[in-house]
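Accompanying notes for the structure given below.
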Amino acid sequence: QEPGGLQKVLVAASTVLYQGTMAFSIAASGFADDDTATGANAFLGVVKEKVDNSAGSAGDLSAEVYTTGVFEFTGSSLTQALVGDKIYASDNFTVTATSTNNTLIGRCVEFVSTTRIRVRIEVGTQA
């Protein structure tokens with residue numbers, strides 16, 4: 001992990017964001033959540049530290065997310081050929097090269113194994 005800039009985000013109600021996982025902006029409200037909503041929610045970044053708002057209302061707690069940097073993520077059927085390609089999140093900890101119903105998070109910068117790659121995250125840009 002080579003983390004970059006930090007951004008504070010307000011956490012959605014009944015939500016737990018875990019350290020090292022991805023956070024997404026709920027399309028209807030803008031609060032941080034752990035759900036891609038089949039590609040509808042925008043990528044906010046990688047969670048710095050666990051935040052448990054499971055008993056709170058939307059915005060009761062905030063989380064810090066890394067908005068730039070290189071992070072290692074898990075997936076399946078990953079290959080060396082993905083280096084340089086756009087990478088998408090299918091949930092808050094799994095990546096794929098498939099864009100359909102997934103959220104763009106950045107580009108692959110290193111192939112580690114068939115189940116792990118390193119991704120340069122690119123929040124707020126068309127990677």
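Quick caveat, the model's predicted, so the values are computed rather than measured.
A donor-acceptor pair is defined here as one N or O able to donate and one able to accept, closer than 3.5 Å; such a pair exists between the side chain of Arg107 and the backbone of Gly84. With Thr94 contributing its side chain and Ala89 its backbone, the two residues share no donor-acceptor pair below 3.5 Å.
The distance from the CD1 atom of Ile87 to the CZ atom of Arg118 is 13.5 Å, given to the nearest 0.5 Å. With values rounded to the nearest 0.5 angstrom, Leu10 atom CG is found 11.5 Å from Ile26 atom CD1. Considering CG of Asp91 and OG1 of Thr103, their distance stands at 10.5 Å, rounded to 0.5 Å. To the nearest 0.5 angstrom, Met22 atom CE is 13.0 Å from Asn41 atom CG. Taken from CZ in Arg116 to CG in Leu78, the straight-line distance is 10.0 Å, to the nearest 0.5 Å. Note that CZ of Phe43 is 11.0 Å distant from CG of Asn92, once rounded to the nearest 0.5 Å.
For the side-chain contact (heavy atoms from CB on, under 4.5 Å) criterion with Asn102, the lone passing option out of Thr98, Ile105, Thr100 is Thr98.
Shown here for Gly20 and Phe73, the closest heavy-atom pair between the two residues is O-CE2, 4.3 Å. Listed here is the closest heavy atom pair of Val83 and Val109: CG1-O, 4.0 Å. Closest approach of Leu104 to Lys86, counting heavy atoms only: CD1-CB, 3.9 Å. In terms of heavy atoms, Ala40 sits closest to Ala27 at O-CB, 3.8 Å. When all heavy atoms of Val47 and Val65 are compared, the pair lying nearest together is CA-CG1, 4.1 Å. The two residues Ala32 and Val9 come nearest to each other via the heavy atoms CB-CG2, 3.7 Å.
When side chains are defined from C-beta on, Val112 counts as touching Glu72, because their heavy atoms get closer than 4.5 Å. A 4.5 Å side-chain heavy-atom check between Val11 and Leu17 finds at least one atom pair inside the cut-off.
Connection of Tyr18 to Leu6 is not established within any shared hydrophobic cluster, with ILVMFWY side chains joined at heavy-atom distances below 4.5 Å, either directly or through further cluster members. Linking ILVMFWY side-chain heavy atoms closer than 4.5 Å, directly or via other members, places Phe31 and Leu61 in two distinct hydrophobic clusters. In the hydrophobic clustering of this structure, Val95 groups with Leu82; members are Ile, Leu, Val, Met, Phe, Trp, Tyr whose side-chain heavy atoms approach within less than 4.5 Å, directly or through other members.
In this structure, the ring of Phe71 has its center less than 6.0 angstrom from the ring center of Tyr66.
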Margin query: Set out, in order, the CA-CA distance, both residues' side-chain angles and the distance that settles side chain to side chain donor-acceptor pair (under 3.5 Å) for Asp33 and Thr15, then state yes or no.
Written below: CA-CA 6 Å; Asp33 192 39; Thr15 299; 3.3 Å; yes
Note to self: Ile121 vs Val46, test: side-chain contact (heavy atoms from CB on, under 4.5 Å). Steps then yes/no.
What the structure shows: CA-CA 9 Å; Ile121 63 171; Val46 176; 4.1 Å; yes
Notebook entry, point to check: Taking it one step at a time, do Tyr88 and Thr96 satisfy side-chain contact (heavy atoms from CB on, under 4.5 Å)?
Noted result: CA-CA 5 Å; Tyr88 302 83; Thr96 180; 4.2 Å; yes
Checklist line | Stepwise side chain to side chain donor-acceptor pair (under 3.5 Å) check, Ser113 with Thr115 | finding: CA-CA 5 Å; Ser113 72; Thr115 60; 3.2 Å; yes
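The side chain to side chain donor-acceptor pair (under 3.5 Å) analysis of residues 46-64, with sequence neighbours excluded, yields the pairs Asp52-Ser54. Residue pairs meeting the salt bridge (charged side-chain N to carboxylate O under 4.0 Å, His left out) criterion with at least one member in residues 7-20, sequence neighbours excluded, do not occur.
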